[in-house]
Amino acid sequence: MKHALIAALIGTSTLLASGSVLAQAKPEDVIKYRKSVYTVAAWHMRPLGAMVKGQMPFDQAVFLKNAEMVADIASVAPEAFAPGSDKGAETRAKPEIWSDAAGFKKVMDNFQAETAKLVQVARTAKDVDAVRGQFSAVAKSCGACHDSYRVK
Ligand code: HEC
């Protein structure tokens, strides 16, 4: 369902396919998907950040919905790094993503774990203080990957 939605948004039917078929998708389509998933993740981080910074009133339902979106994106993010997608279109993905697959898996696993934990704490959060620490852990997990695996 979510794949179909994202596919419709970026206009490529290859994304309707299963993960294994995705691995054979054209590199330029994978790169397009990669930029799209992170664009969507960043979009849903915005209201979370605004609430944590006090720029927007804390609304538990809105916080949870956006945290779930970020966690869902994290769960599909590995598909955005299919082998062969290191080139084929303009990309800031570093070659180390594929040459240091174990190191990359660590930051990806951490991203998935921290975003899943944010959903957990958001479920029962009564105020913004309950989510502040875990939001910052998620933001750090974004930065940790960018520092090592994304061209500045
Ligand atoms: C496991 C690694 C990893 C994690 C975790 C990660 N990113 Fe990224 N991000 C990348 C890479 C690699 C690129 C470059 C994609 C490309 O150019 O092909 C990128 C690109 C982006 C872009 C630019 C997209 C574009 O249009 O070019 C944004 C915005 C972004 N990330 C935001 C985030 C946010 C927000 C988070 C956390 C919620 C996050 N990223 C977590 C690796 C990661």
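Scope of the values below: all heavy atoms of this structure, side chains included, with no hydrogens, waters or symmetry mates. When a ligand or atom number is given, it counts from 1 through the structure's own listing order. Residues: numbered from 1 along the sequence shown.
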* Asked: Just by modelled atom types, is the S85 backbone N or O under 3.5 Å from a matching donor or acceptor in the W98 side chain?
  -> no
* Asked: Of the protein's non-hydrogen atoms, which lies at the shortest distance from atom 26 (O) of ligand 1, and what is that distance?
  -> T39 OG1, 3.4 Å
* Indicate yes or no for a side-chain donor-acceptor contact from R34 to the backbone of A80 under 3.5 Å, with no hydrogens or angles considered. => yes
* To do: Starting from atom 18 (O) of ligand 1, locate the nearest protein heavy atom and write down its residue, its atom name and how far away it is, to 0.1 Å.
  => T91 OG1, 2.6 Å
* Checking Q60 side chain against A122 main chain: does a donor-acceptor pair fall under 3.5 Å? -> yes
* Determine whether V119 and R123 make a side-chain contact, defined as any pair of heavy atoms from C-beta on separated by less than 4.5 Å. => yes
* Give me the protein N, O or S atoms that fall under 2.8 Å of atom 8 (Fe) of ligand 1, sorted by chain and residue number. => H146 NE2
* Close side-chain approach of N110 to K106, heavy-atom, < 4.5 Å -> no
Report, one line per pair, each donor and acceptor closer than 3.5 Å where one atom sits in a side chain of residues 39-54; sequence neighbours left out.
unit_1	atom_1	unit_2	atom_2	d
T39	OG1	K35	O	2.6
H44	ND1	N66	OD1	2.9

* **Heavy-atom check, side chain of Y33 versus side chain of D29, under 4.5 Å** => no
* Please state which part of Y33 comes within less than 4.0 Å of ligand 1, counting heavy atoms only: side chain, backbone, both or neither. => neither
* To do: Flag the pair F135 / F63 as yes when their ring centroid distance falls below 6.0 Å, and as no otherwise.
  => no
* Please report which non-hydrogen protein atom sits nearest to atom 27 (O) of ligand 1, along with the residue it belongs to and the distance in Å to one decimal place. => K35 CG, 3.5 Å
* Asked: N/O to N/O below 3.5 Å, does that happen between Y149 and ligand 1?
  -> no
* With distance as the sole test, does D109 use its side chain to make a donor-acceptor pair with the main-chain N or O of Q112 at under 3.5 Å? -> no
* Heavy-atom contacts with F104 under 4.0 Å: which atoms of ligand 1 show up? List them by number with element. => 1 (C), 2 (C)
* To do: Look only at the side chain of T115 and the backbone of F111, and say whether a donor-acceptor pair between them is shorter than 3.5 Å.
  => yes
* **Close N or O approach (R92, ligand 1; < 3.5 Å)** => yes
* For ligand 1, which part of S141 has a heavy atom less than 4.0 Å away: the side chain, the backbone, both, or neither? -> backbone
